[in-house]
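Taking it in order: structure first as structure tokens, then the write-up.
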Number of protein chains: 2
Amino acid sequence: MENYLEQAILLAQMVNGQTGTNPPVGAVVVKHGRIIGLGAHLRKGDKHAEIQAIDMAGEANVKDASIYVSLEPCSHYGSTPPCAKRIIDTGIKKVVYAAKDITLDTAGHQMMVEAGIDVEYRPMKQALDLYADFFKSKSDGRPIVTVKVSASLDGKQATDLEESQWITSKAVKQDVFNLRHNHDAIITGNGTLRKDNPSLTTRIEDGHHPAKVILSRSGDVNWNAQLFKDETTPIYIYTENHSLTSTEDHIHIIKANQLNIDFILKDLFQKGFGRILVEAGPNVTSQFLASLDVTNFILYLAPKIIGGQGKYQFYQTNDVMPLDQLPQFEIVHSEIIDTDMKLRMKRK
Amino acid sequence: MENYLEQAILLAQMVNGQTGTNPPVGAVVVKHGRIIGLGAHLRKGDKHAEIQAIDMAGEANVKDASIYVSLEPCSHYGSTPPCAKRIIDTGIKKVVYAAKDITLDTAGHQMMVEAGIDVEYRPMKQALDLYADFFKSKSDGRPIVTVKVSASLDGKQATDLEESQWITSKAVKQDVFNLRHNHDAIITGNGTLRKDNPSLTTRIEDGHHPAKVILSRSGDVNWNAQLFKDETTPIYIYTENHSLTSTEDHIHIIKANQLNIDFILKDLFQKGFGRILVEAGPNVTSQFLASLDVTNFILYLAPKIIGGQGKYQFYQTNDVMPLDQLPQFEIVHSEIIDTDMKLRMKRK
């Protein structure tokens, strides 16, 4: 069995992807050697993990208890009162947390120490990994961006004749559903709507459908595309076409004189989208991969070679970059999924 | 500690790559609970592993001993007398082996059983894996062919401006030296001589330099290329140019009216080359990858994306193949080498 701090981190990992621009946090309240309350921050605007856990234990029972939290308890009045204050008020005597919240001005740690609580910062790799992207995103004012590509070993998303369905296996498709489930929104290009016509849904039990974001400079949107059939999930269309409109409530049109990644990402972050998945064709994919705003790059490689002249190479640029100035990534995880390879990478 | 049969397989693995068209075999002779002889087949034409082990033990000491062998002892008179007969003659009372030699007509197993020896076939995955390629190669009359490619994530061996040095890390280079060391010959194209000018050597301590095979239809060979500087390693040039000659003893020119992979591989096998490594540019690489004669495909992926228009995609074909008819591979092993990914695949 994991220890209590690891359990708090596990709880945080369970809600990772459903807290928007807020961090996923888990908390465990322990007294007399057993867990008396569990909590997690379930969504932005909702109770913080510490409060959930204290509430589950019952305020009256928490006196002299210990609380284990994945992230340092907050000390500021945001949409909820500070957790540090609530911990002090309930008479908890010991706090252990696994990562510091570097985006906050006042430390919850100090506030609780001054109230006489035994506070320990016990850094844990799983927690630091969990929050690194979140802290960067918060200070940049841009979402965590993951680019997902399924390609052949020779770097192609489709044959020269546009054949692309099932390059990777069905097991990868299921993994992509999980990936979608863990993001707030999916960005795709208008070209993908025309060619692949994906529904971009999450076919997992009780899964979450991320919002859909369509990039279309021209605004020449194919309204018959599959993804417009789902009217319960919001759709955002970014366009340079100032005459584009929609009468549908769930369709939002954002116009700009010149669309660029920076504008789109900042706007999405302000709308509360903390984690964005890019699932698009070579054009949009290449622009994101060339950008420094990409946090994660997930590449599914099918062990086949497509050849041809390579019209649908997933990464193509107009300019030739010198080898020492190319976008570089660090491979942080690799696994074989059925017959295919999954690489998870970070932009270096 | 491994058991004796596993030790015999380890010995075989140690000599894998240095036995030409013969299988790598290891043997351990055991008596009174301890190893009294170790052996391995060191090179084609040399003593078989069982004989090496018996000789190390001393013929007089082998009576009533057990012998563990990675492969079924042979029963035929080839360049050496049959091992099964020698085992019978020495009075060994027990034989355990880990893989059957399916390319032989008469079974050594049966021959030894009839002589009253306790013979056990104990199949071991490591041994079956070790010999699968060898058996196929022997029955096809073609070498084991490994294609090695170093590429960016988007499947390119070089930028559009031909810049290709150090796409992958120095640690990969070292791995490639080991790969070369384990092969009898390296095939490359004339284009690679012109562009990369590699020496194709094995810079490892006491390493083996494989023979070099250059494919050049035109015979327009750049005799100043780096690899001609090493006069101790044989070079084979396959060409359609019937007037091509060389006065150097170590350079062999093989002429054909029409060069094709089948002809080249059969000819190399007849010359005694059991394991061939293909290290070439997109042209030669693509031809081999498209061929069913490829046994192994080793792909080193550097986590960078080259982009451009993709003039040096490692796999390119004139025709567009439908997705369900593409060359497919099975990923049998993957590992991260320093910053890069290594995938070892088998043709499916």
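Everything quoted here is computed from the prediction, not taken from an experiment. Values below: all heavy atoms of this structure, side chains included; hydrogens, waters and symmetry mates excluded. In the text below, chain A, chain B and the rest are named by the order of the sequence lines, each starting its count at 1.
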key: chain B contact via A:S164 - which portion, at a heavy-atom distance below 4.5 Å   = backbone

message = With chain B as the partner, which of A:E330, A:Q309, A:M345, A:K348 has the greatest number of non-hydrogen pairs under 4.5 Å?
response = A:Q309

note = Nearest heavy-atom approach of A:L200 to A:K212 is O-CE, 3.8 Å

request  = With a 4.5 angstrom heavy-atom cut-off, could you sort out which part of A:M341 is near chain B: side chain, backbone, both or neither?
outcome  = both

query = Among B:M321, B:E163, B:Q316, which residue forms the greatest number of heavy-atom pairs with chain A at distances under 4.5 Å?
reply = B:E163

query = What residue, out of B:L161, B:L343, B:N318, B:I306, has the most heavy-atom pairs lying under 4.5 Å from chain A?
reply = B:I306

query = Quick check: does any side chain N or O of B:D154 sit under 3.5 Å from a backbone N or O of B:G307, one acting as donor and the other as acceptor?
reply = yes

Proximity breakdown for A:Q313 and chain B, heavy-atom pairs closer than 4.5 Å = side chain

ask   = If you tally heavy-atom pairs under 4.5 Å against chain A, which of B:V149, B:D324, B:L299, B:I331 wins?
value = B:I331

key: Contacting region of B:L289 [heavy-atom separation from chain A under 4.5 Å]   = both

remark   = Assert top hit (heavy-atom pairs under 4.5 Å, partner chain B, pool A:I167, A:L301, A:T159) equals A:T159

note = Heavy atoms of A:P143 and A:L268 approach each other most closely as CG-CB, 4.4 Å

request  = Measure distances from B:I336 to the heavy atoms of chain A and classify the residue's part below 4.5 Å as side chain, backbone, both or neither.
outcome  = side chain

inquiry  = For the interface with chain B, which of A:A158, A:G155, A:A151, A:S152 has the highest count of heavy-atom pairs at distances below 4.5 Å?
reply    = A:G155

request  = Would you mind reporting whether B:F269 and B:I276 have side-chain heavy atoms less than 4.5 Å apart?
outcome  = no

message = Main chain of B:D262, side chain of B:R142: is a donor-acceptor contact present, judged purely on distance under 3.5 Å?
response = no

message = Is A:I305 close to chain B through its backbone or its side chain, or both, or neither, when contacts mean heavy atoms under 4.5 Å?
response = both

request  = Sort A:D319 into side chain, backbone, both or neither according to what part of it lies under 4.5 angstrom from a heavy atom of chain B.
outcome  = backbone

task = Count the heavy-atom pairs under 4.5 Å between each of A:S286, A:P282, A:G310, A:G308 and chain B, then report the option with the highest count.
result = A:G308

request  = With a 4.5 angstrom heavy-atom cut-off, could you sort out which part of A:K156 is near chain B: side chain, backbone, both or neither?
outcome  = side chain

request  = State, with a plain yes or no, whether a side-chain heavy atom of B:L277 is found less than 4.5 Å away from one of B:I187.
outcome  = no

task = Going by the salt bridge (charged side-chain N to carboxylate O under 4.0 Å, His left out) test, name the single residue among A:R275, A:R347, A:K346 that passes it with A:D133.
result = A:K346

task = Mind checking salt bridge (Lys or Arg N to Asp or Glu O under 4.0 Å) for B:D196 and listing every partner two or more places apart, or none if nothing turns up?
result = none

query = Given a strict heavy-atom distance threshold of 4.5 Å, which part of A:P322 is in contact with chain B: side chain, backbone, both, or neither?
reply = both

query = Can you list the steps and then say if A:N283 with A:Q287 is a side-chain hydrogen bond (donor to acceptor under 3.5 Å, both in side chains)?
reply = CA-CA 7 Å; A:N283 185 15; A:Q287 288 179 55; 3.2 Å; yes

B:Y131 side chain near B:Q126 side chain, heavy-atom distance below 4.5 Å = no

